[in-house]
Amino acid sequence: MKKIKVKKFGILTSGGDAPGLNAAIRGVCRAAITQYGMKIMGIHNGYRGLVEGDAEELHVNNFSGILTRGGTILGTSRDKPLKNPVKDPKTGLLPLEAIKANIKKWDLDALVVLGGNGTNTTASLLAKEGVNIIGLPKTIDNDIVHTDITFGFHTALEVATEAVDRIHTTAHSHNRVMLIEVMGHKAGWLALYSGVAGGADVILIPEIPYNIKSVAKEVKRRSDEGKQFSIIVVAEGALSKEEALLSKKELKSKREAMTYSIAYRVARELKSLTQLESRVTVLGYLQRGGTPSPYDRVLATQFGVAAADFLAKGKFGKLVAIQNGQIVGVPLEDIADKIKKIPNDDPLLITGRSLGINFGD
Ligand code: F6P
C-alpha cells in the first residue's frame, strides 16, 4: 500500500456521549497541530455529518477550555450509515458514496472516530472500503474488546458509586430495600464495579441471569439477621433465567412492551416474595453527563495524542487501545460486532462472590 502523509484529517464523535470526549478531541487535535502541523475538519453529529457534509475547520483556539467539559463539542448521533443503506432522495447517493465525496471535497487524508462498539464497527467497514481511519474507545459501558478500559467508564463509576453511597444512608435510616439501576444493556461492568465499590448486597448483571427467589432469599436472610435494609444494584440489561431462554427477538419485543425499567420489576417481584418495603432509583443519563474525572481526562488525552501519532505514522484501520498499561493498535475488524462481557472468571466477580454478594444465581 502506498504510504501517505496526512496533511488534513476529519474527526467525529458518534454514539452516546461520555465524559472525556472533549479531552480526547483536544488530545488528538493539539498533538496533530503542534507536533505534525496537520489541518483538521471537525465533523458534526457523528456519521450523520460525514454523510450530510456538515463540518467546519478547527483551529487551536477551538480546543481551549474543553479538557474539563462533559459532552462533545462536535455533537453526536447514533447513525450507522452503512447498516441498511438507502439512497438520499435529493442527491441520489448511497451513504458510502456521500462519505467518499465529502472526504474528497474536504481534502481529507484520514478520519479519526471516537465512539463505542457501533462507531468502531462502522469504522471497520469504512476501513474495508479503503478509508484511512482510526478509532478511539469511548463508552461508559467499558464493553469494547481488546482494550483494558474505555474512557468515560471511570467518571460514570464515580457517579454511580456516589449514588449508591447516598442511597445507603436512606436505606439504613428507613429499613428499606433500595434498588439502584445503572446503565449497561449488554454488559454489567458499571453495575459490578459500582456495586462492589458501594458495598451492594446484590448485583444483577446481564451476564448472569437471575432467579428472583435467590435474590429474595438473600434479602430475607439479611432481614432475619436483623439487617432490615438491602442495597441491590441492577444493570439496565439484567434479565431473569426465564428471559435468558428466549430468542433475541422474543426478548427484545418483551422488553419493548415493558413500560417500566427492569429495577421496578425486580422491586415488585421482591415485594411479593418478602413483603419488605422497597424503593427504586434509576440513574439514567446522570451517568453520562458532567465533568470527566481526572483519570478519564488523562486516559482520553493519552488515547488522543496516540491517535495523532498513528495518523503521522500511517497506522490506519486500528483502534487505539490500552493493554497492560501500554497503548497499542488493534485492527478494527477485531473489534467489529463484538462486546466485552464479564467472564465467569473475572477477578472482581470472584472477589464479589468471596465477599458473599448475591449475583442472583
Ligand atoms: O452509551 C452507552 C449507553 O450509555 C448504554 O449503557 C445505554 O443503554 C445507552 O447508551 C442509551 O443511550 P441513548 O438513550 O442515548 O441511546
Side-chain angles (χ1 to χ4, degrees), residues 12-25 44-48 70-72 74-81 83 113-123 135-145 147 149-161 163-164 180-195 203-207 233-239 243 248 251-252 254-256 258-266 280-293 296 299-300 303 319 335-342:
L12 62 84
T13 54
S14 163
D17 70 342
L21 273 171
N22 287 327
I25 294 169
H44 300 151
N45 304 321
Y47 288 113
R48 186 178 303 162
T72 158
L74 295 173
T76 187
S77 69
R78 288 203 179 271
D79 289 13
K80 293 177 181 157
K83 200 174 170 187
V113 299
L114 284 60
N117 288 311
T119 305
N120 286 298
T121 299
T122 302
L136 261 73
K138 164 253 41 166
T139 166
I140 68 159
D141 296 338
N142 195 33
D143 61 353
I144 300 182
V145 294
T147 186
I149 192 156
T150 59
F151 64 89
F153 175 68
H154 188 269
T155 311
L157 174 59
E158 282 198 350
V159 172
T161 304
V164 176
I180 302 116
E181 185 178 298
V182 302
M183 279 187 167
H185 261 306
K186 294 179 183 146
W189 295 103
L190 201 47
L192 175 64
Y193 274 70
S194 61
I203 301 175
L204 303 181
I205 55 177
E207 292 87 343
V233 175
V234 186
E236 64 184 331
L239 73 172
E243 286 174 318
K248 232 171 143 182
L251 180 63
K252 195 168 173 235
K254 186 177 174 201
R255 283 303 173 86
E256 276 169 4
M258 261 168 64
T259 50
Y260 42 84
S261 66
I262 184 68
Y264 285 95
R265 190 181 78 192
V266 175
V280 174
T281 305
V282 179
L283 297 187
Y285 296 93
L286 282 176
Q287 298 158 96
R288 288 214 320 232
T291 306
S293 66
D296 269 335
L299 183 67
F303 280 143
L319 177 88
I335 310 292
D337 293 317
K338 297 205 181 77
I339 288 166
K340 184 174 78 179
K341 296 190 181 232
I342 301 172

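Since the model is a prediction, treat every value here as computed from it, not as a measurement. Whatever order the structure lists ligands and atoms in, that order sets their numbers, starting from 1. Sequential numbering from 1 along the given sequence is applied to the chain's residues.
In this structure, the protein non-hydrogen atom closest to atom 14 (O) of ligand 1 is Tyr285 OH, 2.4 Å. With hydrogens left out, the protein atom closest to atom 4 (O) of ligand 1 is Met183 SD, 3.1 Å, a heavy atom. With respect to atom 15 (O) of ligand 1, the closest heavy atom belonging to the protein is Arg288 NH2, 2.9 Å. Scanning the protein for heavy atoms near atom 6 (O) of ligand 1, the closest one is Asp141 OD1, 2.8 Å. Ranking the protein heavy atoms by distance from atom 9 (C) of ligand 1 puts Arg78 NH2, 3.6 Å first.
The His185 neighbourhood of ligand 1 comprises atoms 8 (O), with distances under 4.0 Å to a heavy atom of that residue.
Looking at Arg255 and Glu236, no side-chain N of the basic residue comes within less than 4.0 Å of a carboxylate O on the acidic one, giving no salt bridge.
Looking at Thr139 next to ligand 1, no N or O pair under 3.5 Å apart turns up. Residue-to-ligand polar distances place Glu236 within reach of ligand 1: an N/O pair is separated by less than 3.5 Å.
Residue contacts with ligand 1 for Gln287 are absent, since no atom lies close enough (heavy atoms, distance under 4.0 Å).
Note that the CG atom of Asp143 and the OG1 atom of Thr150 stand 7.0 Å from one another [nearest 0.5 Å].
Note on ring orientation: taking the six-membered ring where Trp is involved, the planes of Tyr193 and Phe153 are perpendicular (angle over 60°, cut-offs 30° and 60°).
Remark: Lys340 is positioned above the aromatic ring of Trp189, its terminal NZ or CZ atom under 6.0 angstrom from the ring centre and at most 45 degrees off the axis.
A donor and an acceptor atom, one from each side chain of Ser261 and Glu181, are located under 3.5 Å apart.
Shown are Leu319, Thr119, Leu136; of these, the side-chain contact (heavy atoms from CB on, under 4.5 Å) with Val113 is made only by Thr119.
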Steps toward side-chain hydrogen bond (donor to acceptor under 3.5 Å, both in side chains) verdict (Thr155, Asp296): CA-CA 7 Å; Thr155 311; Asp296 269 335; 2.5 Å; yes
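By the 4.0 Å heavy-atom criterion, Gly116 is excluded from the residues contacting ligand 1.
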